[in-house]
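This one's a predicted model, so the numbers in the text were calculated from it and none came from an experiment.
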Amino acid sequence: MTDEALDFRLLNDFQRDFPLCPAPFAEVGERLGVAENAVLRLLETLRRQGKISRVGAVFAPKRIGASTLAAMAVAPEKLAAVAETVNRFPEVNHNYEREHRYNLWFVVTAGSEGRLQAALGAIEQAAGQPLLRLPLLQEYHIDLGFSLDGKGKEGLPARVRRQAFVAPRPLDEFERRLVMALQEGLPLFMRPFSVLASRVGCEESEVLERIRRWCAEGIIKRFGVVVRHYELGYTANAMLVHDIPDEAVAEMGELLAREPGVTLCYQRPRVLPDWPYNLFCMIHGQVRAEVEARIAELRARLHLEDCAHAVLFSLTRFKQGGARYA
């Protein structure tokens with residue numbers, strides 16, 4: 001296998017269903033036909049290059065804490081300074097400039113709804129800008145994987161259907177320590193779960209059992225390689241939003257979620273009169289024209305021409321990291 005082919009398989013094939021066993025990198029190496037040390041060296045290289053952020057857990061929104069998408073309409077000459085202020089908050093894990101009057105978009109995550117609201121208030125005060133709060137109402141596709149071969153949804157029907165909302169539950173002390181350890185990603189050692197166990201203060205088997213349970217319960221959406229799409233050449237990133245009649249939003253959300261070009265799809269509240277849109281999806285591509293053509297084709301085929309919409313391309317990535325719940 002060439003180095004290029006090995007890179008591709010490691011980045012594409014192990015974003016989910018990562019081996020949850022004492023020596024996972026040896027298992028990955030066996031599947032790829034290379035040595036365990038080669039897998040560890042390659043992952044470290046990919047991390048240094050910025051192509052992956054970590055190997056580990058992606059938690060489901062609002063299952064173990066609270067989170068929301070937020071936006072601000074910032075004067076262009078103040079945007080960089082306001083973005084820097086927002087980035088100082090550890091609760092902010094993604095922060096992007098997008099093409100719209102609401103030009104600064106970020107995700108805020110906290111361990112509880114009370115802490116989330118406190119963080120939002122502090123961000124609003126520090127930035128000196130009114131905040132548009134857009135919490136998740138319903139998810140249709142939030143797998144957060146990124147297929148590099150265009151086949152990411154084949155055989156995954158359960159991941160592109162409406163998911164019933166399950167209220168978050170409080171974490172016990174063991175779970176809280178495990179979440180804190182997992183936020184940093186798996187250590188790139190031969191026995192990574194043993195290292196996590198030493199940090200948490202338990203046995204390796206307990207860590208593996210709890211992670212497997214969280215995966216089965218949907219608290220962890222996926223466990224595996226977390227790629228950074230921009231560094232992999234997918235630099236055209238658009239948030240497509242529609243104003244869909246309330247009685248039709250679920251059906252349309254499920255239709256959009258099944259589309260191979262759609263990486264995220266969810267319902268958020270309208271905030272009238274400033275924000276009339278309630279169905280969001282993300283579409284990535286390597287060039288802008290490709291994404292624009294994909295959006296036009298989707299809207300025509302799904303008969304969305306009569307629904308108000310907006311396309312918000314990303315311009316500047318101010319911050320990108322994993323959510324921090326603890």
- [ ] Run through V28, D7, L32 and flag the one making a side-chain contact (heavy atoms from CB on, under 4.5 Å) with L42.
- [x]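 The side-chain contact (heavy atoms from CB on, under 4.5 Å) with L42 is passed solely by D7 among V28, D7, L32.
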Open item on the list: Using the rule side-chain contact (heavy atoms from CB on, under 4.5 Å), only one of L240, V311, L264 pairs with I283; which is it?
Closed with: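 Only one option passes, and that is L240.
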For [X], I'd like to know if atom [atom1] has over 12 heavy atoms of other residues, nucleotides or ligands within 6.0 Å.
{"X": "K319", "atom1": "NZ", "value": "yes"}
{"X": "E203", "atom1": "CD", "value": "no"}
{"X": "F174", "atom1": "CZ", "value": "yes"}
{"X": "Q49", "atom1": "CD", "value": "yes"}
{"X": "Q125", "atom1": "CD", "value": "no"}

Heavy-atom distance under 4.5 Å between the side chains of [X] and [Y], does that happen here?
{"X": "T68", "Y": "V107", "result": "no"}
{"X": "R98", "Y": "L315", "result": "no"}
{"X": "L69", "Y": "R133", "result": "no"}
{"X": "D243", "Y": "H309", "result": "no"}
{"X": "F89", "Y": "L120", "result": "no"}
{"X": "E30", "Y": "P19", "result": "no"}
{"X": "F25", "Y": "R191", "result": "no"}
{"X": "F193", "Y": "L186", "result": "yes"}

For a quick test of reading the model, state the closest non-hydrogen atom pair linking [X] to [Y] and the distance between them.
{"X": "P187", "Y": "L196", "answer": "CD-CD2, 4.0 Å"}
{"X": "L11", "Y": "Q15", "answer": "O-NE2, 2.9 Å"}
{"X": "P269", "Y": "L134", "answer": "O-CD2, 3.2 Å"}
{"X": "L171", "Y": "V179", "answer": "CD1-CG2, 3.9 Å"}
{"X": "Y102", "Y": "A73", "answer": "CD2-N, 3.6 Å"}
{"X": "C21", "Y": "E27", "answer": "SG-CB, 4.2 Å"}

Task: Set of residues satisfying side chain to side chain contact (heavy atoms under 4.5 Å, CB included) with respect to A300, sequence neighbours excluded - done: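 Checked A300 against side chain to side chain contact (heavy atoms under 4.5 Å, CB included); matches are E305.
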Give a yes or no answer on whether the side chain of [X] reaches the backbone of [Y] with a donor-acceptor pair at less than 3.5 Å.
{"X": "R177", "Y": "V200", "result": "yes"}
{"X": "R222", "Y": "V225", "result": "yes"}
{"X": "N87", "Y": "V92", "result": "no"}
{"X": "R63", "Y": "A66", "result": "no"}
{"X": "T109", "Y": "S67", "result": "no"}
{"X": "K221", "Y": "V58", "result": "no"}
{"X": "E124", "Y": "L131", "result": "yes"}
{"X": "R212", "Y": "L20", "result": "yes"}
{"X": "N103", "Y": "E97", "result": "no"}

Parallel, tilted or perpendicular, judged at 30° and 60°: which one describes the rings of [X] and [Y]?
{"X": "W214", "Y": "F59", "answer": "perpendicular"}
{"X": "F18", "Y": "F14", "answer": "perpendicular"}
{"X": "F280", "Y": "W275", "answer": "tilted"}

Working to the nearest 0.5 angstrom, can you tell me the gap between [X] [atom1] and [Y] [atom2]?
{"X": "M252", "Y": "C307", "atom1": "CE", "atom2": "SG", "answer": "7.0 Å"}
{"X": "I219", "Y": "I211", "atom1": "CD1", "atom2": "CD1", "answer": "12.5 Å"}
{"X": "Q267", "Y": "C281", "atom1": "CD", "atom2": "SG", "answer": "13.5 Å"}
{"X": "R258", "Y": "L255", "atom1": "CZ", "atom2": "CG", "answer": "6.5 Å"}
{"X": "L178", "Y": "Q183", "atom1": "CG", "atom2": "CD", "answer": "10.0 Å"}
{"X": "L137", "Y": "N278", "atom1": "CG", "atom2": "CG", "answer": "8.5 Å"}

TODO: May I have the step-by-step check of side-chain contact (heavy atoms from CB on, under 4.5 Å) for F106 and I123, ending in yes or no?
DONE: CA-CA 11 Å; F106 49 95; I123 291 169; 4.1 Å; yes
- [ ] Go through the steps for L298 and L304 under the test side-chain contact (heavy atoms from CB on, under 4.5 Å), then give the verdict.
- [x] CA-CA 8 Å; L298 269 178; L304 289 169; over 6 Å; no
Are [X] and [Y] ion-paired here, with the side-chain N under 4.0 Å from a carboxylate O?
{"X": "E184", "Y": "R54", "value": "no"}
{"X": "E259", "Y": "R301", "value": "yes"}
{"X": "E44", "Y": "R41", "value": "no"}
{"X": "E290", "Y": "R294", "value": "no"}

Open item on the list: Distance alone, cut at 3.5 Å: any donor-acceptor contact between the side chains of S53 and R228?
Closed with: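 Looking only at side-chain atoms, R228 and S53 do not form any donor-acceptor pair under 3.5 Å.
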Open item on the list: Ignoring hydrogens and geometry beyond distance, is a side-chain donor-acceptor pair present between E113 and Q117 at under 3.5 Å?
Closed with: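 Judged by distance alone, the side chains do pair up.
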TODO: Tell me, with the steps shown, if H242 and R299 meet side chain to side chain donor-acceptor pair (under 3.5 Å).
DONE: CA-CA 10 Å; H242 283 94; R299 281 177 42 79; 2.9 Å; yes
- [ ] Carefully, step by step, assess W105 and M239 under the rule side-chain contact (heavy atoms from CB on, under 4.5 Å).
- [x] CA-CA 11 Å; W105 290 80; M239 183 170 74; 3.8 Å; yes
TODO: Report yes or no: is the cationic atom of R288 (NZ for Lys, CZ for Arg) closer than 6.0 Å to the six-membered ring centre of F313, at no more than 45° off its axis?
DONE: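 Judged by the rule, R288 and F313 form a cation-pi pair.
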